[in-house]
K.L.:
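Just passing along the structure, written as structure tokens.
Residue numbers start at 1 and run along the sequence shown.
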Amino acid sequence: MNVYKPLLFFQKHGYYVCQRIAERFGIRTKVVRTTFMYLTFVTLGFGFALYLFLAFWMRIKDLVYTKRSSVFDL
């Protein structure tokens with residue numbers, strides 16, 4: 001039972017990068033996830049490293065560029 005907690009955490013929060021990339025390019029999220037999985041298997045881990053880099057970069061971008069609804073939110 002204790003093994004499923006990390007699995008559920010990664011299933012819930014781990015695909016956010018793929019979802020944002022898919023929305024950006026206007027394609028299905030499943031296609032992006034499958035591409036990352038194949039890339040990881042074919043290149044022996046490069047796809048996973050790329051995924052982690054994109055997750056880190058998107059997190060930093062979200063922290064730096066916040067969406068403001070008006071000029072008065074400064």
Side-chain angles (χ1 to χ4, degrees):
M1 190 97 174
N2 202 8
V3 176
Y4 292 110
K5 279 188 177 184
L7 180 63
L8 290 175
F9 174 79
F10 285 118
Q11 285 178 348
K12 189 181 279 187
H13 300 290
Y15 292 128
Y16 188 62
V17 172
C18 293
Q19 180 182 354
R20 288 182 63 176
I21 291 172
E23 288 175 0
R24 178 86 164 174
F25 289 114
I27 58 177
R28 295 186 325 183
T29 307
K30 184 178 179 179
V31 173
V32 177
R33 289 179 189 153
T34 307
T35 304
F36 271 115
M37 286 189 291
Y38 287 146
L39 185 64
T40 300
F41 288 126
V42 169
T43 60
L44 300 174
F46 178 72
F48 184 66
L50 178 65
Y51 182 86
L52 290 178
F53 172 75
L54 288 172
F56 176 74
W57 180 71
M58 287 180 182
R59 177 73 176 152
I60 295 297
K61 188 183 86 150
D62 287 344
L63 291 174
V64 172
Y65 298 111
T66 58
K67 295 179 182 177
R68 294 188 177 104
S69 58
S70 72
V71 179
F72 301 108
D73 290 342
L74 298 173

K.L.:
Output yes when a side-chain donor or acceptor of Thr40 lies under 3.5 Å from a complementary backbone atom of Phe48, and no otherwise.
P.N.:
yes

K.L.:
Say whether Tyr38 and Phe25 are linked into one hydrophobic cluster, either directly or through other cluster members, by side-chain heavy-atom distances under 4.5 angstrom.
P.N.:
no

K.L.:
Who pairs with Ile60 by side-chain contact (heavy atoms from CB on, under 4.5 Å), at least two apart in sequence or on another chain?
P.N.:
Phe56, Val64

K.L.:
Sequence neighbours left out, what passes side-chain contact (heavy atoms from CB on, under 4.5 Å) with Leu50? Give chain and number order.
P.N.:
Phe36, Leu39, Leu54

K.L.:
Locate the shortest heavy-atom distance separating Ile21 from Met58; write the atom from each residue and the value.
P.N.:
CG1-CE, 3.6 Å

K.L.:
Can you name the side-chain contact (heavy atoms from CB on, under 4.5 Å) partners of Thr35, sequence neighbours left out?
P.N.:
Val31

